Amino acid sequence: MQFDIMAKDAGSNARAGRIETAHGVIETPIFMPVGTAGTVKAVHHKDLDQSIKAQIILGNTYHLYLRPGLETLERAGGLHRFMNWNKPMLTDSGGYQVFSLAHRRKLTPDGVTFQSHIDGSRHFFSPEHAMDIQRVIGADIIMAFDECTPYPCDYQYAKKSMDLTHSWLKRCCNHFDLGQGRYGYDQTLFPIVQGSIYRDLRADSARIVSDYNCRGNAIGGLSVGEPIDKMYELTELVCSILPHEKPRYLMGVGTPENILESIALGIDMFDCVMPTRNARNGMLFTSEGIINIRNLKWKNDFDPIDPSGTIFVDQHYSRAYLRHLFTANEMLGPMIASLHNLRFYLWLVEQARAHIIAGTFTSWKKSMIPGLTKRL
RNA sequence: GGGGGGAUACCAGAGCGGUCAAAUGGAGCAGACUGUAAAUCUGUUGGCGAAGCCUUCGGAGGUUCGAAUCCUUCUCCCCCCA
């Protein structure tokens with residue numbers, strides 16, 4: 001994997017770059033649709049590729065390990081071939097499940113025992129195991145196994161959690177270096193900065209992570225309920241410490257506004273379930289404002305879903321029709337909304353990139369924010 | 001023609017003398033959702049309001065301190081036998 005910075009914004013820390021992987025190029029800043037279980041929910045790969053223009057998608061170690069399981073993934077020749085997605089892919093390590101499935105896992109210095117949300121069976125994940133599983137899945141970029149620190153969190157626990165993540169990072173790197181890609185192409189490991197909302201912890205973590213000299217770095221443990229200003233403050237701090245010549249990935253973020261603000265702070269990569277999950281729940285993001293398509297006000301609105309939208313569904317279907325699909329619980333509704341939201345997110349980062357290159361990013365961002373946060 | 005059952009909020013449907021503005025579903029309306037246990041979850045649905053007050057359980061009348069609940073009658077619906 002290689003990263004090149006093509007342009008830097010004058011008025012902020014935003015940059016436009018290019019990541020080259022074995023499965024193709026990613027132009028940054030980029031948003032990565034989340035495909036937890038080997039599918040970006042409700043979206044065909046053809047649409048993901050040609051209409052949404054996704055450049056890289058996510059998979060999840062924990063979910064794929066449980067289903068379909070390693071044997072099937074290995075026999076298939078890895079997740080790329082299993083799901084027939086030939087572009088770049090990234091897998092999360094299961095570190096987020098340490099947080100989101102906190103009530104059904106047991107954490108020890110050695111690793112985490114999860115109780116499956118599917119059948120209740122118990123499975124032990126160590127940092128080494130997380131590396132092995134991600135080797136079998138075969139994503140181009142894989143993530144270190146961490147504890148996504150919960151919020152709120154007192155200083156003592158935040159420190160302990162961060163130290164644990166660091167000790168696991170060492171084990172991840174050691175184990176990762178011993179292995180190799182099993183399908184004939186290289187994989188890259190990204191470490192993850194933790195430290196909750198504490199500036200000194202975040203700074204320590206950023207320095208420690210930087211020292212591993214990986215080819216890209218991630219910031220985790222944010223957007224877990226802390227005030228948004230805190231998230232920006234800590235992102236800015238961590239970006240100032242992480243190496244500038246390597247891609248920075250802000251995990252789990254966020255709203256369209258969060259993404260533009262974080263690009264300005266120096267983030268290159270994002271992922272979030274928001275465009276897909278919220279789409280399935282009837283929320284559409286547009287440059288003019290946020291639409292809750294189930295609301296009565298759209299019942300007889302026969303205008304296109306998003307007149308300035310850049311995917312076929314935006315002009316092809318009316319708001320009234322989409323509302324009808326949601327009201328009637330028709331599966332086409334969530335499908336259309338998912339196509340719309342993902343294209344909007346990809347369009348947004350494409351625009352950000354173009355404006356960084358053109359030198360107009362800061363003013364463009366300022367002009368965009370009101371429309372991104374307004375409720376229609 | 002004879003016998004029986006029933007009418008409850010938008011719909012379906014509990015309740016069968018005070019703890020009932022009335023269970024529970026559905027539908028409706030609104031909100032939430034940030035490295036996906038999520039096509040999920042939460043709130044709300046007689047009227048005005050902060051507690052509280054006011055009008056409701058097919059219509060009319062009655063019994064009672066008190067009625068959605070008991071009695072009389074009217075209207076309408078369903079079932080069975082001829």
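No experiment lies behind these values; they were computed from the predicted model shown.
- Rounded to the nearest Å, the gap between the P atom of B:U75 and that of B:A22 is 34 Å.
- Searching all strands for a Watson-Crick or G-U wobble partner of B:C20 with both distances below 3.5 Å returns nothing.
- Straight-line distance from the CD atom of A:Glu226 to the C1' atom of B:U34: 9 Å, rounded to whole Å.
- When the nearest nucleotides of RNA chain B are assigned to A:Met331 and A:Thr149 by heavy-atom distance, the more 5′-ward of the two goes with A:Thr149.
- For the ring-ring contact (aromatic ring centres under 6.0 Å, His included) with A:Phe285, the qualifying choice from A:Tyr345, A:Trp347, A:Phe344 is A:Tyr345, the only one to do so.
- Residue A:Gln194 is in base contact, counting any heavy-atom pair closer than 4.0 Å across all strands shown.
- As judged by a 4.0 angstrom heavy-atom cut-off over every strand, A:Asn60 is placed among residues touching the sugar-phosphate backbone only.
- Distance noted for atom P between B:C54 and B:G5: 38 Å (whole Å).
- For the pair A:Phe326 CZ and B:C29 C1', the interatomic distance rounds to 17 Å; values are reported in whole Å.
- One can place CG of A:Asp229 at 18 Å from P of B:U34, the figure rounded to the nearest angstrom.
- When the C1' atom is compared between B:U56 and B:U69, the two are found 15 Å apart, to the nearest whole Å.
- Rounded to a whole Å, the OH atom of A:Tyr345 is 11 Å from the P atom of B:U34.
- Residue A:Ile142 is found in a hydrophobic cluster whose other members, listed by chain and number, are A:Met131, A:Phe176, A:Leu189; membership requires side-chain heavy atoms under 4.5 Å apart, directly or through intermediates.
- Within the shown strands, B:G43 is the pairing partner of B:C29 under the Watson-Crick or G-U definition, both distances less than 3.5 Å.
- Residue-to-nucleotide contacts include no donor-acceptor pair under 3.5 Å from the side chain of A:His117 to the base of B:A38.
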For nucleotides 31-33 of chain B, give me every protein contact, N/O to N/O, under 3.5 Å, one pair per line with atom names.
unit_1 : atom_1 : unit_2   : atom_2 : d
B:G31  : OP2    : A:Asn292 : ND2    : 3.1
B:G31  : OP2    : A:Asn295 : OD1    : 3.3
B:G31  : OP2    : A:Asn295 : ND2    : 3.1
B:G31  : O6     : A:Arg294 : NH2    : 3.2
B:A32  : OP2    : A:Arg375 : NH1    : 3.3
B:C33  : O2'    : A:Asn278 : OD1    : 3.0
B:C33  : O2     : A:Asn281 : ND2    : 2.9

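- The existence of a salt bridge linking A:Asp268 and A:Arg15 is confirmed by a sub-4.0 Å separation between a basic side-chain nitrogen and an acidic carboxylate oxygen.
- Between B:C65 and B:C70, the distance separating the two C1' atoms is 16 Å to the nearest Å.
- Using a 4.0 Å cut-off between charged nitrogen and carboxylate oxygen, A:Asp163 and A:Lys159 count as a salt-bridge pair.
- Applying the Watson-Crick and G-U wobble criteria (two distances, each under 3.5 Å), B:G52 pairs with B:C48.
- Remark: C1' of B:G35 and CG of A:Asp268 are 16 Å apart, rounded to the nearest angstrom.
- For the residue pair A:Gln194 and A:Thr165, no side-chain donor N or O sits within less than 3.5 Å of a side-chain acceptor on the partner.
- Here B:G1 sits opposite B:C81 as a Watson-Crick or G-U wobble pair (both hydrogen-bonding atom distances under 3.5 Å).
- Of the listed residues (A:Tyr65, A:Tyr62, A:Phe145), just one forms a ring-ring contact (aromatic ring centres under 6.0 Å, His included) with A:His129, and that residue is A:Tyr65.
- Nearest heavy atom pair, residue A:Pro227 against residue A:Tyr151, reads CD-OH, 3.6 Å.
- As rounded to the nearest Å, B:U63 and B:U73 have C1' atoms that lie 15 Å from one another.
- Distance check on atom C1': B:G13 versus B:U8 gives 9 Å, rounded to whole Å.
- Taking each heavy atom of A:Thr21 and A:Pro88 in turn, the nearest pair found is OG1-CG, 3.4 Å.
- At a threshold of 4.0 angstrom between heavy atoms, the contacts of A:Gly221 include nucleobase atoms, whether or not backbone atoms are also involved.
- Between the C1' atom of B:G35 and the OH atom of A:Tyr96 lies a distance of 7 Å, rounded to the nearest Å.
- Rounded to an integer number of Å, the gap from A:Leu372 CG to B:U34 P is 19 Å.
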Next on the checklist: One pair to check against salt bridge (charged side-chain N to carboxylate O under 4.0 Å, His left out): A:Arg171 and A:Glu128. What are the steps and the verdict?
Outcome noted: CA-CA 7 Å; A:Arg171 289 165 59 188; A:Glu128 292 80 11; 2.9 Å; yes

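- Within 4.0 Å of A:Ile259, counting heavy atoms only, lies no atom of the nucleic acid at all.
- More than 12 heavy atoms of other residues, nucleotides or ligands shown are found within 6.0 angstrom of CD on A:Glu245.
- Between A:Tyr185 and A:His80, the ring planes are perpendicular. Angles over 60° get that label, and only those under 30° would be called parallel.
- Pairing each heavy atom of A:Ala54 with each of A:Trp85, the nearest pair is O-CH2, 3.9 Å.
- Comparing the P positions of B:G17 and B:A27 gives a spacing of 33 Å, expressed to the nearest Å.
- For the pair A:Ser116 and B:A37, the criterion of a side-chain N or O lying under 4.0 Å from OP1 or OP2 is not met.
- Rounded to the nearest Å, the gap between the C1' atom of B:A67 and that of B:U72 is 15 Å.
- Residue A:Tyr249 has its side chain nearest to B:G35 when only B:A37, B:G35, B:U34 are considered.
- When the nearest nucleotides of RNA chain B are assigned to A:Val40 and A:Pro334 by heavy-atom distance, the more 5′-ward of the two goes with A:Val40.
- Pairing of B:C76, defined by two Watson-Crick or G-U wobble distances under 3.5 Å, is identified with B:G6.
- Nucleotide B:U64 forms a pair with no other nucleotide shown, judged by Watson-Crick or G-U wobble geometry with both contacts under 3.5 Å.
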What N/O pairs connect the protein and nucleotides 24-28 of chain B at under 3.5 Å? Give each pair on its own line.
none

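- Proximity of A:Gln97 to the phosphate of B:G35: no side-chain N or O atom is located under 4.0 Å from OP1 or OP2.
- The pairing partner recorded for B:U69 is none, the criterion being a Watson-Crick or G-U wobble arrangement whose two distances lie under 3.5 angstrom.
- OP1 or OP2 of B:U36 has at least one side-chain nitrogen or oxygen of A:Thr36 nearer than 4.0 Å.
- As a whole-Å value, the separation of A:Met231 CE from B:U34 C1' is 8 Å.
- Annotation: A:His117 is not in aromatic contact with A:His103 [ring centroid separation under 6.0 Å not met].
- Contacts of A:Ile192 with the nucleic acid, taken as non-hydrogen atoms under 4.0 Å apart, include base atoms.
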